[in-house]
Amino acid sequence: MKAFLKEAAAVKPDERQLKWYDMKYYAFIHFGPNTFTDREWGRGDEPEEIFNPQKLDCNQWAETIKRAGMTGMVLTAKHHDGFCLWPSKYTNHSVKNSPVKRDIVREASEACKRAGIKFGIYLSPWDRNSPLYGTEAYNDYFCNQLTELLTEYGDIFYVWFDNACGEDPNGKKQVYDFPRYIELIRKYQPGAAIFNDFGPDVRWCGNEAGNVRYAEWAVVPSELCHFSVVQTGAGPMAEEGNLSFLYNTCQNLGTLDNIMYSKGLTFTPAEINMSIRPGWFWHEEEEPHSLDRLFGTFVASVGANCCFHLNLPPNRDGLIDGRDVKRLEELRQLLEREFGRKKTVTVRKLEGFGATLPRYEILFDSPVNDFKYIVLKEDIARGQRVESFQIEAESDNGSWFPFYQGTTIGNRKICQLADPFKGQNPLTRNIEYYAERLFVQITSARDEVFLKSIEVY
């Protein structure tokens, strides 16, 4: 068992995944015929004439994203209705036959360059318009369109796939050739990370509501992420059964009780994706989610070993809705208030503690009581190792108590602090404390722990 834990601890990200982690917070753009039909899933029979944004401005999208503090844009080049936002030579169902007659993929890519953010694409494998869907020839069609996007629009940081797979009118489903799609991306955009339910680089968190697991591991069984590189041998219980039941919604994905049955582990971190409003496409009657919800999702994604992919749907004019722009500005200001003032502290690793249970001291220049967040980072390039930890405070009278307990750390863990005695009988404990110093105690790890940094805000 110990040997397998060491193997699990040594499962590492590649350069694509490390660069993806650095993106942290980026935008999705869902825009197409659904914007004009008020649908979420188009039928594929919408006339091209319906797509007619009169004030289309991709610079407004990119500038909005940049001002919000986001690092990139992922454009829905084609959704399930099969309508292409670029003049693909493989279909007539595209912008070339709409009143706009503009290559929106190109305009979005160039707008991202001007704004200094990165550009990515989402190409839906499901296509309700193509007559080839449901046949092997469809994979050729899809690869031809994917090649257009990979070779004609500059550097792409991210290619995003879902696994939506509806039936054609005759009840036949398409078998997607994802290994072939992945091979094309590696050939033409070798630096691009690939998102898919089953890897190879980034996986779905299991919902579209911004919810996260109590412990988010990037080291997960290959039985789920079968497009990812297997980096270990089998777990000690692998012969006792199989993990065929695994799906992205499993809450114990990557935990010890889960991986010990695996035939081999991969490094495949999760993305948290949601829309700024209830729908993925723009609907006039919808309002953006509350500031509290968006801030909470940011902390629970960027601050829990994931990245945050927030959808911003342009309206029928082809602009990001003013209500959404306002909410994004409020979120940016809140993030700056909460994380814009890093406290000066001295951090040292204390002697006399084991390699898997290290203890760190955080010393303030003077006693303080206005700290709200502690941000922990593992040196993820060496693997994800911490199973659990706690944070303790020592007050100016010498007393101490644990006031935060957590599970995984990974790339980044934002610990949002709260009074541990809140809600108790006030006669039980009534204190006004100033902390002289804090301690971070790792309480469980798979192998020697390597923390990259500890920050206090």
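Computed from a prediction, not measured in an experiment: that's the story for all the values here.
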Polar side chain donor-acceptor pair, H30 to E40, under 3.5 angstrom: no
S262-E223 side chain donor-acceptor pair, cut-off 3.5 Å: yes
With sequence neighbours excluded, residues passing ring pair (Phe, Tyr, Trp, His ring centres under 6.0 Å) with H289: none
Set of side-chain contact (heavy atoms from CB on, under 4.5 Å) partners for [X], sequence neighbours left out:
X    : result
E392 : R359, Q390, W400, P402, F439, Q441
Y261 : M237, E240, L243
E63  : N59, R67
N411 : Y21, N305, I380

Which atom pairs, one a donor and one an acceptor, fall under 3.5 Å between side chains of residues 70-80 and the rest of the protein, sequence neighbours left out?
from, atom 1, to, atom 2, distance (Å)
T71, OG1, M23, O, 2.7
T71, OG1, Y25, O, 3.2
T76, OG1, I29, O, 2.9
K78, NZ, S124, O, 3.3
K78, NZ, D127, OD2, 3.0
K78, NZ, Y138, OH, 3.3
H80, ND1, S124, OG, 2.7

Partner residues of [X] under the salt bridge (charged side-chain N to carboxylate O under 4.0 Å, His left out) criterion, sequence neighbours left out:
X    : answer
E15  : none
K55  : none
E336 : R332

side-chain hydrogen bond (donor to acceptor under 3.5 Å, both in side chains) contacts in which one or both residues fall within residues 186-195, not counting sequence neighbours: R186-D201
Ring pair (Phe, Tyr, Trp, His ring centres under 6.0 Å) contacts in which one or both residues fall within residues 226-259, not counting sequence neighbours: F178-F227, F198-H226
Pairs meeting criterion ring pair (Phe, Tyr, Trp, His ring centres under 6.0 Å) with involvement of residues 325-355, two or more places apart: F339-Y373, F339-Y457
